[in-house]
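Structure, as structure tokens:
The basis for the numbers below is simple: all heavy atoms, side chains too, and nothing from hydrogens, waters or symmetry mates. When a ligand or atom number is given, it counts from 1 through the structure's own listing order.
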Amino acid sequence: MRTCFGVKTQQLISRVFRHPVHPSAAVQWRLAQSRLLSAGESKPRPSMLKHLTFKIKATGPITVAEYMREVLTNPVTGYYVRNNMLGPDGDFITSPEISQIFGELLGVWILSEWMGAGRPKHLQLVELGPGKGSLASDILRVFSQLKSVLDGCSVSLHLVEVSPVLSGVQAQTLTGGSSVESSSEDDPVFRRGETSTGLPVFWYRCLEDVPAGFSIFIAHEFFDALPIHTFQRTPKGWREVLVDIDPEKRNRLRFVVSPSPTPASSALIQPKERRSHVEVCADGGVLVQQISRRIVEDGGAALIADYGHDGTKTDTFRGFKGHRLHDVLSSPGSADLTADVDFSFLRTMTGGGVACLGPVTQKMFLKNMGIDARMEVLLRNCSDGPTRMQLIRSYDMLMNPEKMGERFLFFSLLHHSRLAKPKKTEGMKLEDKRPAPLPVGGFTEISFS
Ligand code: SAH
């Protein structure tokens with residue numbers, strides 16, 4: 001059944017869509033900053049493989065979570081810490097890098113949730129793992145197009161980023177290079193700046209450092225980069241998979257199954273688990289608990305988008321290098337490591353403190369947010385053949401079920417009050433005059449009537 005989308009959200013969408021953004025801008029892969037990184041790359045770096053083999057020799061086989069954490073975020077040699085991996089020249093490409101329409105629609109979602117929460121005076125936009133800063137930049141452009149809607153609200157941007165290299169790229173995108181790095185290691189804000197429209201931007205190493213306050217949290221392709229533990233069902237019970245040195249090939253790593261239970265295999269398997277191989281992202285669970293607590297205490301919402309499943313998949317741990325699959329254990333540190341997000345685990349970890357919506361497919365979410373109407377405007381304003389082709393190609397990449405359309409899922413955490421229906425009145429009781437809640441954008445079928 002088609003339901004009518006919140007009128008206010010529809011109005012927001014049509015106001016954004018009226019803006020004649022040059023269509024070629026909507027299809028560009030943002031390459032501008034990718035050369036910023038070359039300077040540090042010539043320095044010889046300690047080998048990640050050597051570091052891992054020393055570690056394993058000293059303490060024994062390590063968990064897959066420890067392996068992933070070291071490979072991706074080791075402060076000296078970690079893949080994320082020293083690389084700019086996003087874009088056609090890198091290892092993978094993400095939706096915000098494919099088309100600015102993606103960020104624009106998320107910008108509308110954020111505004112609509114801020115309105116649904118009663119237009120609080122302060123709005124903190126918190127992005128986890130902002131990559132090149134393209135998504136935040138597209139969202140902020142929508143905010144500035146809809147300045148009058150946000151009138152009287154102070155907006156600030158808070159970025160949680162482990163990579164000093166990427167934080168430099170984000171600063172360039174968002175503040176034009178006018179940001180300053182903190183001189184103290186102890187400062188929770190390691191970089192700060194201001195956008196061209198005067199919004200303050202802060203960078204943190206972890207979510208705990210972001211100040212309390214009404215916040216909308218965005219995490220796009222972030223949870224898939226967090227370390228997972230992997231387990232295998234055996235005749236003796238659940239056992240954890242570990243990473244060890246291959247005794248037959250020098251400088252090679254291999255997977256082994258722990259002969260006895262580990263703290264993680266004892267604590268992280270759900271009693272009702274039916275699969276025989278399981279991946280559990282404990283760090284993701286902790287993060288979702290922190291976000292939920294903040295939403296309960298200070299109000300707000302979270303939108304988590306990633307490739308993932310609802311507790312059904314196994315063996316999704318994989319590597320990417322140069323846009324191709326890469327063996328997760330070979331040349332560690334040279335490739336991205338990732339695992340599909342288990343949204344049912346994240347839902348369980350909220351403990352019911354917040355309302356969870358989804359996961360729904362990217363195709364459904366973007367369609368419900370009005371991507372087709374946006375495409376129509378862009379195509380109408382575009383007479384250049386190659387640009388039209390690019391527009392159509394990027395739409396296809398985001399929406400085609402075989403590409404990103406059904407592999408990427410959207411999941412939201414909301415304060416329970418956001419969905420609370422007015423109580424029915426009985427007998428002589430006073431009528432509950434609260435209006436019915438606005439439908440939540442993206443998760444409700446849209447009708448532009
Ligand atoms: N959201 C962006 C980038 C995705 S790549 C996009 O969709 O284009 C993952 C991002 O998360 C990178 O910015 C990476 O540096 C950051 N990241 C990875 N692990 C992290 C961690 N543990 N803490 C903070 N940031 C992390």
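- The neighbour count for Arg388 CZ, taken as heavy atoms of other residues, nucleotides or ligands under 6.0 Å away, is above 12.
- Close contacts between ligand 1 and Leu166 involve ligand atoms 12 (C), 13 (O), 15 (O) [criterion: under 4.0 Å to a heavy atom].
- For ligand 1, the polar-atom distance check against Pro96 finds no nitrogen or oxygen pair separated by under 3.5 Å.
- The distance from atom CG of Leu378 to atom OG1 of Thr387, rounded to the nearest 0.5 Å, is 11.0 Å.
- Partners of Val328 according to the side chain to side chain contact (heavy atoms under 4.5 Å, CB included) rule, which considers only residues two or more places apart in sequence or in another chain, are Phe255, Phe317, Leu337.
- By the 3.5 Å distance cut-off applied to N or O atoms, Glu161 is counted among the residues near ligand 1.
- Close N/O approach between Ser163 and ligand 1 is not found [any backbone or side-chain N/O within under 3.5 Å].
- A distance of 6.0 Å or more separates the ring centres of Phe320 and Phe92.
- Taking a cut-off of under 4.0 Å to the non-hydrogen atoms of Gly131, the atoms of ligand 1 that pass are 2 (C), 3 (C), 13 (O).
- Looking at Leu128, Thr73, Asp336, it is Thr73 that brings a heavy atom closest to atom 19 (N) of ligand 1.
- The shortest N or O to N or O distance between Val162 and ligand 1 is under 3.5 Å.
- Atom numbering of ligand 1 starts at 1 in the shown order; those under 4.0 Å from a heavy atom of Thr94 are 6 (C), 7 (O), 8 (O).
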Show me the donor-acceptor pairs, under 3.5 Å and distance only, between side chains in residues 349-362 and residues at least two apart or in other chains.
from   : atom 1 : to     : atom 2 : distance (Å)
Thr350 : OG1    : Arg347 : O      : 2.7
Thr350 : OG1    : Gly352 : N      : 3.4
Thr361 : OG1    : Met364 : N      : 3.1
Gln362 : NE2    : Ser95  : OG     : 3.4
Gln362 : NE2    : Leu398 : O      : 3.1

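- Annotation: Tyr204 is not in aromatic contact with Phe190 [ring centroid separation under 6.0 Å not met].
- Within the structure, the closest approach of Leu72 to ligand 1 does not fall below 4.0 Å when heavy atoms are considered.
- Using modelled atom types and a 3.5 Å distance limit, the side chains of Asp310 and Thr312 yield no donor-acceptor pair.
- When only interatomic distances are considered, the shortest N/O to N/O separation between Gly129 and ligand 1 falls below 3.5 Å.
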